[in-house]
**Student:** 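Pasting in a structure now, in structure tokens, and then I'll have a few things to ask.
For ligands, and for the atoms within them, numbers begin at 1 and follow the listed sequence.
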Amino acid sequence: MSDLDRLPEFLDTLDAEFHARGDWGAVASYIPELARVDPAQFAISVALADGRLISAGQARKPFSIQSVSKVFSLACVLSRFGESIWHRVGREPSGDRFDSILLLEQEEGRPRNPFINAGALVTTDELLAGRAPKEALSEIIGFLRASAEDDDIHIDADVAASENATGHRNRALAYYLKSFDNLVNAPELVLGTYFHQCAIEMTCEQLALAGRGIAGLPGAPMLLSEVKRRRIAALMMTCGHYDGSGDFAFRTGLPGKSGVGGGILLAIPGRASAAIWSPGLNAWGNSQVGTEAAERLARFTGWSVFG
Ligand code: GLU
């Protein structure tokens with residue numbers, strides 16, 4: 001029996017252990033709709049290279065993917081416009097909070113990377129180019145549906161409205177970017193699109209399936225070129241967990257992208273794609289239990305991009 005045959009049992013053990021321990025971290029409170037989510041929840045799904053999908057916990061319960069959406073908005077921009085986005089956004093870890101404005105002044109409005117909020121706003125602005133927000137959002141959702149081979153993926157309008165009502169920091173970032181001429185569209189248009197993209201709801205099963213293309217799994221719908229999917233995975237590794245990116249890479253050895261809804265997407269090149277969800281967060285705003293689950297999964301399987 002290979003280790004992967006024992007994966008279902010291992011994932012169930014993790015689920016039982018986390019519930020028995022009951023130390024979940026705190027849910028994000030700055031988006032009122034997310035503050036209402038019960039932190040005592042866990043789900044994990046692993047899509048393997050041989051086509052198996054192995055899950056434990058509440059893997060069919062939709063959650064707010066939040067910043068995990070930034071992986072897919074970047075994928076859409078790279079597919080549609082090629083490399084032009086890099087004139088407007090960098091590719092370096094920021095070492096600052098996900099919503100920090102600090103470096104924007106020093107670096108004259110060019111965000112460090114597309115996964116911090118400022119960089120994601122620029123990516124969404126690029127995706128909007130001459131189109132209505134509905135079309136840009138349809139492109140992201142269409143990309144997710146095609147990647148997951150599942151049309152039942154939607155936006156939770158209440159979460160989008162909730163963030164729109166309280167997203168003062170993102171508003172500050174968008175207007176600041178505009179002052180440096182690094183937003184083409186009106187800040188409110190970009191913000192509205194960005195809040196809706198963050199409010200996409202998916203289950204762990206759907207997200208694990210959607211990540212197969214980035215992991216380059218055989219048999220997955222390939223919407224990205226080899227070079228692009230490798231670059232997206234490299235950015236997930238270096239920038240996917242904000243100022244906790246170094247720690248996440250150290251603990252897991254895997255490219256991952258977190259969201260403040262408690263989701264984590266892992267792309268394990270050639271081997272698997274995994275989605276983990278537990279809404280309680282650690283000090284960096286990444287899922288506390290989700291990070292531990294990713295680390296335990298990496299140790300159990302021996303998966304690491306470092307061989
Ligand atoms: N919508 C969230 C925000 O912009 C996303 C942040 C995250 O998931 O880390 O604040």
**Student:** Among all protein non-hydrogen atoms, which one is nearest to atom 9 (O) of ligand 1, and what is the separation to 0.1 Å?
**Tutor:** Tyr242 OH, 2.6 Å
**Student:** Using a 4.0 Å cutoff against the non-hydrogen atoms of Cys198, which atoms of ligand 1 qualify?
**Tutor:** 1 (N)
**Student:** Should the proximity of Val260 to ligand 1, defined as any heavy atom under 4.0 Å, be assigned to the side chain, the backbone, both, or neither?
**Tutor:** both
**Student:** Do Asn117 and Lys70 have a side chain donor and acceptor closer than 3.5 Å?
**Tutor:** yes
**Student:** May I ask whether Phe195 has any heavy atom positioned less than 4.0 angstrom from an atom of ligand 1?
**Tutor:** no
**Student:** For Glu163, which part has a heavy atom under 4.0 Å from ligand 1: side chain, backbone, both, or neither?
**Tutor:** side chain
**Student:** Do Leu224 and Met237 sit in the same hydrophobic cluster, where Ile, Leu, Val, Met, Phe, Trp and Tyr count as joined when their side-chain heavy atoms come under 4.5 Å apart?
**Tutor:** no
**Student:** Is Asn170 near ligand 1, meaning one of its heavy atoms is under 4.0 Å from it?
**Tutor:** yes
**Student:** Hydrophobic cluster membership, with links at side-chain heavy-atom distances under 4.5 Å among I/L/V/M/F/W/Y: are Ile85 and Leu128 in one?
**Tutor:** yes
**Student:** In terms of relative ring orientation, are Phe98 and Tyr30 parallel, tilted or perpendicular, with 30° and 60° separating the classes?
**Tutor:** tilted
**Student:** Short list, please: which atoms of ligand 1 are under 4.0 Å from a heavy atom of Tyr30?
**Tutor:** 2 (C), 3 (C), 6 (C), 10 (O)
**Student:** Considering only the protein, which heavy-atom contact is closest to atom 6 (C) of ligand 1, and what is its distance?
**Tutor:** Ser67 OG, 3.0 Å
**Student:** Got more than 12 heavy atoms from elsewhere within 6.0 Å of CZ, Arg229?
**Tutor:** yes
**Student:** Around atom 1 (N) of ligand 1, find the nearest protein heavy atom and jot down its residue, atom name and distance.
**Tutor:** Gln66 OE1, 2.5 Å
**Student:** Within ligand 1, which atoms have a heavy atom of Gly259 less than 4.0 Å away?
**Tutor:** 8 (O)
**Student:** Take Tyr242 and Trp284 through the test ring pair (Phe, Tyr, Trp, His ring centres under 6.0 Å) and record every step on the way to the result.
**Tutor:** CA-CA 7 Å; Tyr242 309 119; Trp284 289 304; over 10 Å; no
**Student:** Examine distances only and state if a side-chain atom of Ser162 and a backbone atom of Glu33 form a donor-acceptor pair shorter than 3.5 Å.
**Tutor:** yes
